[in-house]
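To start, the structure itself, in C-alpha cells.
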Protein chains: 2
Amino acid sequence: MTIGDANSSTSERVCQLIEQEIAEGVYEDGIRLDEARLSAQFSVSRTPLREAFRMLAALGLVELIPHRGAFVRLPSFTRLVDMFDVMAEMEAWCARLAAQRITNAQLLMLRAAANGCADALSRNDTAAYYEENALFHDLIYQASGNAFLAEETRNLQRRLRLFRKEQLSHGDRLTASMQEHSEILRLLEIHDGDGVAEVMRKHIRVQGVVYEEMLRERKPGMLRQ
Amino acid sequence: MTIGDANSSTSERVCQLIEQEIAEGVYEDGIRLDEARLSAQFSVSRTPLREAFRMLAALGLVELIPHRGAFVRLPSFTRLVDMFDVMAEMEAWCARLAAQRITNAQLLMLRAAANGCADALSRNDTAAYYEENALFHDLIYQASGNAFLAEETRNLQRRLRLFRKEQLSHGDRLTASMQEHSEILRLLEIHDGDGVAEVMRKHIRVQGVVYEEMLRERKPGMLRQ
DNA sequence: CTCGGCAAAATTGTATATTATTTGAAGGAC
DNA sequence: GTCCTTCAAATAATATACAATTTTGCCGAG
C-alpha cells in the first residue's frame with residue numbers, strides 16, 4: 001500500500017499496541033474493541049484510537065461495522081493457508097521476474113544478505129536472522145523491476161508478520177530456510193526463472209504448515225475454530 | 001482488503017466525492033488536499049474528512065505525510081502498467097485455480113454472465129456490459145476456491161476502476177473482450193488451467209495498453225509525466 | 001406466556017476547540 | 001554577504017463536547 005504513514009504518532013503507536021495484544025492472544029475472535037475502555041487503558045483520546053482501528057482494519061485484523069464498532073477478526077486456519085498461498089505466489093512471481101532482470105550489483109547485495117543470514121545462524125541470533133531474511137526477500141522484490149508488485153508483496157508480508165514471528169525458531173526451520181536461500185541465490189545467478197519461482201513458492205508455502213504445527217503446541221486459542 | 005466499511009457514512013461519501021474529482025482531473029498530481037477548504041466545500045467537519053483521506057490512501061490515490069497533510073498521488077504511466085501487470089497475474093492465477101476447482105453450478109452461472117455480456121453488447125448497452133463483465137470476473141475469483149485471493153483481486157480491481165471506466169467503449173475493445181470471455185469459458189469447461197491462465201493474462205494486460213491509447217486522445221494531464 | 005412496540009441507555013459518528021509540530025521568514029552573528 | 005538561530009504563522013494531531021443511531025430491557029396487549 002502506498003501510505004507514507006505516521007510513525008511516531010499516537011494513532012500508529014496505539015495501532016501497534018493493539019496489534020501486539022492481539023498477537024498475545026488477549027482478545028478472542030469476534031470481540032468488540034471498546035473505545036471508551038481502550039482510550040482509558042492507553043490514556044489517549046478516542047480520535048487517534050479510531051484512526052488506529054482503521055489501520056488495523058487495513059491490516060485485516062479488525063472489521064469496522066458502522067454504528068456497531070470495531071470487531072477483532074482473527075483469520076481461520078483455512079484463511080491463513082489461503083493467505084500464505086497468495087504470499088507464496090507473489091514471492092514466486094517476484095523471483096521469476098527478478099531472474100530475468102536482476103543486475104550484478106543487486107546479486108552482490110543479495111549474496112551479502114544471504115551471508116548475513118548464515119552469520120546470524122552460526123551465532124544463533126534469531127533476531128538478526130529475522131532482519132537479514134527480511135532484507136534478502138525485499139531485495140528480490142526490488143529486483144523484480146515492478147515497483148507496485150514489490151509494494152504489494154511487502155504489504156502482504158506485513159499483514160502476515162503477526163503469524164510468522166516466532167516460527168523461525170521452530171525446529172530446524174532456520175537451517176532449512178537458509179539452505180533454500182542459497183538455492184534461490186544460485187538460481188537467480190543463472191537466471192532460471194521457472195526454477196527460482198518453484199523453490200520460492202515452496203520456501204514460503206511451508207510457513208503456513210510450520211505455523212500450524214507451532215500453533216497446535218502453544219496457542220490453540222489464537223485462531224478461529 | 002477485509003474492511004466491512006461504512007457505506008452511507010459521511011466519510012465514505014466524501015471519499016467517493018474526492019475520488020470522483022480526482023477522476024475528473026480536478027487535482028494535479030502532488031497537490032495538497034486542504035482540510036479547511038474541503039471541509040468547507042463539502043460542508044463536513046475535518047474528522048470525517050481525515051477518515052476519507054485514510055480511505056483514499058488505502059486506494060493509493062493520496063499519500064499521507066505526518067504533520068504535512070494529504071497529497072494527491074496519481075500513478076505514473078509506468079506505475080499503471082505495473083498495476084495492470086499485477087492485476088493480470090492475479091486474475092490469471094484465479095483462472096488457473098478455477099480451472100481445477102470450478103463446479104458445474106459455477107460454470108452455469110459463468111455462462112449466464114457471458115450471455116449477459118453478449119446481450120448487452122448486442123444492445124450497445126455499455127453500462128450493462130460493465131456490470132455483467134464485473135460479475136463474470138468475480139465468479140472466476142470465487143471459483144478459485146481461495147477466498148483471500150478473491151478479496152485481494154477484487155480490491156485491486158477497485159483500485160484500478162478509476163483507470164478502466166471509459167475504456168470499454170474505446171474502439172472495438174468490447175467485441176474483442178467478449179470473444180475472450182467465450183474462450184475463457186471454454187477453457188474452464190475443459191479444465192485447462194495453463195490455457196485459461198494465459199488467455200486471462202492477455203485479456204487483462206491489454207487494458208493497460210488500451211488505457212494508454214485512450215489517454216493520449218482525451219486526458220493527457222491525468223497521469224504524471 | 002409470548003410477541004411487539006416504545007423508551008432509555010449505551011455507543012458510534014460528527015463537530016469544534018485546543019495543543020503540538022513544522023515551515024518559512026526575519027534578524028543577528030560571523 | 002551568507003549562514004545560523006529564533007520566532008511567528010500555518011496546519012496537522014489530539015482532546016473534548018455534542019448529535020445521531022442502535023440496541024436492549026421493560027411494559028402492555030393479545
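So you know, we letter chains A, B, ... as the sequences are listed, proteins then strands, and number each from 1.
Here the nucleotide nearest the side chain of Arg32(B), chosen from dT11(C), dA15(C), dA12(D), is dA12(D). Checked against dT11(C), dT14(D), dT14(C), the side chain of Arg50(B) finds its nearest nucleotide in dT14(D).
Judged as a side-chain hydrogen bond (donor to acceptor under 3.5 Å, both in side chains), the pairs with a partner in residues 111-121 of chain A (not counting sequence neighbours) are, in order, Arg111(A)-Glu189(A).
By the ring pair (Phe, Tyr, Trp, His ring centres under 6.0 Å) test, Tyr141(B) is found to be paired with no residue, residues two or more places apart in sequence or in another chain being considered. For Phe136(B), the ring pair (Phe, Tyr, Trp, His ring centres under 6.0 Å) criterion is met by His181(B), not counting sequence neighbours. Remark: Glu51(B) pairs with Arg50(A), Arg54(A) by the salt bridge (charged side-chain N to carboxylate O under 4.0 Å, His left out) rule, at least two apart or across chains. Every salt bridge (charged side-chain N to carboxylate O under 4.0 Å, His left out) that Asp85(B) has, sequence neighbours left out, goes to Arg205(B). Every residue two or more places apart in sequence or in another chain was checked for a salt bridge (charged side-chain N to carboxylate O under 4.0 Å, His left out) with Arg68(B), and none qualifies. Contacts of Arg96(A) classified as salt bridge (charged side-chain N to carboxylate O under 4.0 Å, His left out), with partners at least two apart in sequence or in another chain: Asp194(A).
Straight-line distance from the CZ atom of Phe53(B) to the P atom of dT14(C): 15 Å, rounded to whole Å. Atom CG in Leu49(B) sits about 10 Å away from atom P in dA15(C), given to the nearest Å.
Residue Ser45(B) places none of its side-chain N or O atoms closer than 4.0 Å to OP1 or OP2 of dT16(C).
Among all heavy-atom pairs drawn from Ala143(A) and Gln106(A), the shortest one is CA-NE2, 3.7 Å.
At a cut-off of 3.5 angstrom, counting only N and O atoms as typed in the model, there is a donor on one side and an acceptor on the other between the side-chain of Thr47(A) and the base of dA15(D).
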Would you write out the dot-bracket form of DNA chain C, 5' to 3', with Watson-Crick and G-U pairs under 3.5 Å, [ ] for crossing pairs, | for pairs to other strands and . for unpaired bases? ||||||||||||||||||||||||||||||
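The nearest heavy atom of DNA chain C to Pro48(B) and to Leu33(A) marks one nucleotide each, and the one closer to the 5' end goes with Leu33(A).
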Report all interatomic pairs (protein N or O, nucleotide N or O of nucleotides 17-23 of chain C) with separations under 3.5 Å.
| unit_1 | atom_1 | unit_2 | atom_2 | d |
| --- | --- | --- | --- | --- |
| dT23(C) | OP1 | Arg68(B) | NH1 | 3.4 |

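Within the nucleic acid shown, Glu51(A) has no heavy atom closer than 4.0 Å to any nucleic acid atom.
Looking only at distances, no side-chain donor or acceptor of Arg201(A) sits under 3.5 Å from a matching main-chain atom of Ala92(A).
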